[in-house]
Colleague: 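Next up is a structure, given as structure tokens.
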Amino acid sequence: MAVEWLAKHELPDGSWIFVHRLARHPNGLNPGRLAEARTAATGMALLPFLGAGMTHQQGEYKQTVHKGLYYLCAQMEPNGALNAGGGRMYGHGICAIAICEAYAMSQDKSLRPYAERCLQFIMMAQDRAGGGWRYTPNTPGDTSVVGWQLMALKSGNMAYIKIPPQTIAGVNNFLNTVQADGGATYGYVTPGRGPATTAVGLLCRMYLGWKHENPALEKGVQVLAKMGPSKNNMYFNYYATQVLHHYEGEVWTKWNNVMRDQLVNDQEKDGHEKGSFASPTTSSCATFWPSLSISTSS
């Protein structure tokens with residue numbers, strides 16, 4: 001139902017938009033956001049299709065995915081930026097994940113130049129001193145924006161696009177500056193223990209090579225597991241679910257039993273909103289689910 005809802009609300013040019021009143025949402029209960037953020041919305045909308053194993057070459061919604069990817073590629077600036085205003089990094093990271101995931105899954109050679117260019121922009125935009133990313137290129141980073149950029153780099157790496165060692169070293173350096181409890185918890189721009197930033201930090205560490213037996217990872221996973229899925233923090237749920245999923249075992253089974261039922265129960269079942277999410281737990285963008293090819297267990 002979720003991907004059907006998304007497919008119904010793709011605009012004729014292949015994009016999606018957060019302003020629902022402009023995007024064929026008649027009589028909808030949720031008016032959406034004030035900002036259009038069309039490229040970011042398109043990247044986010046494509047990820048559930050990819051996560052369900054659908055690409056522009058196969059699957060029930062391959063034409064939907066094809067139009068969305070075509071829109072993103074057409075919007076890419078010469079330097080690889082994928083967001084209006086010179087490349088706001090949140091939107092760029094989300095779009096880069098979508099393009100790199102689609103390329104990794106399909107091996108469509110026509111997508112490779114776009115995947116390479118959007119990753120090159122990420123590498124160019126990295127803060128040389130601190131190793132992170134924030135809203136605009138070459139500024140001191142924050143954990144939230146870093147998470148999106150690293151997921152894009154991971155997707156590109158899974159598609160055999162080379163990522164320079166110095167880029168990865170920079171990410172590790174940034175994480176070292178915001179970690180607490182020996183690397184078990186993470187803050188936003190300084191050391192801390194925020195639930196969402198801890199989940200982001202731990203997922204980044206897993207992508208960067210931390211193994212199950214790493215003491216800091218073990219401790220951090222227990223911190224997240226003790227918190228359990230949130231009733232009102234979708235951002236925490238999104239990242240913590242990936243951490244627990246990759247960690248596997250009893251902590252994942254217990255987490256998933258709650259998170260799974262919570263998502264299913266929160267999904268709209270009737271009317272125009274059928275298939276979407278509008279509750280405080282998830283919000284209208286919670287159909288975004290991690291794509292399969294970036295699993296650390298692959």
Side-chain angles (χ1 to χ4, degrees), residues 18 33 35 37 40-41 43-44 47-48 51 88-94 97 130-135 139-154 171-172 174-208 210 216-247 251-252 254-256 258-260 262-263 266 277-291 294-296:
F18 288 131
R33 305 295 183 91
M44 185 167 283
L47 286 168
R88 298 275 292 183
M89 297 309 297
Y90 266 116
H92 179 87
I94 292 168
I97 296 170
W133 292 269
R134 207 166 188 185
Y135 304 119
T139 55
D142 70 60
T143 304
S144 180
V145 178
V146 165
W148 293 109
Q149 311 316 309
L150 185 59
M151 283 198 291
L153 293 172
K154 177 68 175 177
V171 181
N172 271 315
F174 170 79
L175 292 172
N176 291 340
T177 66
V178 294
Q179 72 176 23
D181 302 313
T185 63
Y186 294 83
Y188 184 56
V189 295
T190 57
R193 299 176 178 83
T197 51
T198 292
V200 176
L202 291 173
L203 183 63
C204 288
R205 292 295 199 185
M206 296 176 89
Y207 283 157
L208 293 170
W210 276 17
L217 179 59
E218 290 180 347
K219 183 178 179 180
V221 165
Q222 292 303 321
V223 169
L224 298 182
K226 186 177 181 179
M227 293 179 188
S230 172
K231 297 287 187 183
N232 54 25
N233 189 338
M234 178 271 294
Y235 201 55
F236 166 74
N237 287 342
Y238 171 69
Y239 275 104
T241 296
Q242 292 187 76
V243 172
L244 274 294
H245 173 251
H246 294 325
Y247 199 78
V251 288
W252 163 243
K254 184 177 179 180
W255 178 283
N256 188 48
V258 177
M259 188 76 262
R260 173 198 62 200
Q262 186 169 295
L263 281 171
D266 284 343
F277 299 84
S279 78
T281 305
T282 52
S283 89
S284 60
C285 62
T287 46
F288 179 13
W289 194 250
S291 300
I294 61 172
S295 170
T296 58

Colleague: List in chain and number order the residues that pass side-chain contact (heavy atoms from CB on, under 4.5 Å) with Lys219, two or more places apart in sequence or in another chain; answer none if no residue qualifies.
Modeller: Asp181, Ala184

Colleague: Provide the closest heavy-atom pair for Val251 versus Ala225 in the form atom of the first, atom of the second, distance.
Modeller: CG1-CB, 4.2 Å

Colleague: With rounding to the nearest 0.5 Å, note down the distance linking CD in Gln222 to CE in Met227.
Modeller: 12.0 Å

Colleague: Are Arg193 and Val223 side-chain neighbours, meaning at least one heavy-atom pair lies under 4.5 Å?
Modeller: no

Colleague: With side chains defined as the heavy atoms from C-beta onward, is the minimum distance between Leu150 and Leu203 less than 4.5 Å?
Modeller: no

Colleague: Mind checking side-chain contact (heavy atoms from CB on, under 4.5 Å) for Ala240 and listing every partner two or more places apart, or none if nothing turns up?
Modeller: Ala199, Leu224, Phe236, Trp255

Colleague: Could you tell me whether a side-chain N or O of Thr185 sits under 3.5 Å from a main-chain N or O of Gly192, the two making a donor and an acceptor?
Modeller: yes

Colleague: List in chain and number order the residues that pass side-chain hydrogen bond (donor to acceptor under 3.5 Å, both in side chains) with Gln179, two or more places apart in sequence or in another chain; answer none if no residue qualifies.
Modeller: Arg205

Colleague: Search all heavy atoms of Gln149 against all heavy atoms of Met89 and return the closest pair with its distance.
Modeller: NE2-O, 2.8 Å

Colleague: For Phe174, what residues pass the ring pair (Phe, Tyr, Trp, His ring centres under 6.0 Å) criterion, not counting sequence neighbours?
Modeller: none

Colleague: Compare all side-chain heavy atoms of Leu208 with those of Asn172 and state whether any distance is below 4.5 angstrom.
Modeller: yes

Colleague: What pair of heavy atoms forms the shortest contact from Gly43 to Ile94, and how long is it?
Modeller: C-CG2, 3.7 Å

Colleague: Of all the heavy-atom pairs spanning Ala216 and Gly182, show the shortest one and how long it is.
Modeller: CB-O, 3.4 Å

Colleague: Do Gln242 and Met151 have side chains that approach each other closer than 4.5 Å (heavy atoms only, starting at C-beta)?
Modeller: yes

Colleague: Please give me the minimum heavy-atom distance between Phe277 and Leu263, naming the atom from each residue.
Modeller: CE2-O, 3.1 Å

Colleague: Can you confirm whether Val146 sits close enough to Val200 that some side-chain heavy atom of one is under 4.5 Å from a side-chain heavy atom of the other?
Modeller: no

Colleague: Suppose we screen for side-chain contact (heavy atoms from CB on, under 4.5 Å). Which residues come up paired with Thr190, at least two apart in sequence or across chains?
Modeller: none

Colleague: Locate the shortest heavy-atom distance separating Thr241 from Trp252; write the atom from each residue and the value.
Modeller: O-CZ3, 3.6 Å

Colleague: Checking Asn237 side chain against Ser230 main chain: does a donor-acceptor pair fall under 3.5 Å?
Modeller: yes

Colleague: Using the test side-chain hydrogen bond (donor to acceptor under 3.5 Å, both in side chains), find all partners of Ser144 that sit at least two apart in sequence or belong to another chain.
Modeller: Tyr90, Tyr235

Colleague: Taking only residues two or more places apart in sequence or in another chain, which ones pass salt bridge (Lys or Arg N to Asp or Glu O under 4.0 Å) with Arg260?
Modeller: none

Colleague: Tell me every residue that passes side-chain contact (heavy atoms from CB on, under 4.5 Å) with Glu218, counting only those two or more places apart in sequence or in another chain.
Modeller: Glu213, Tyr247

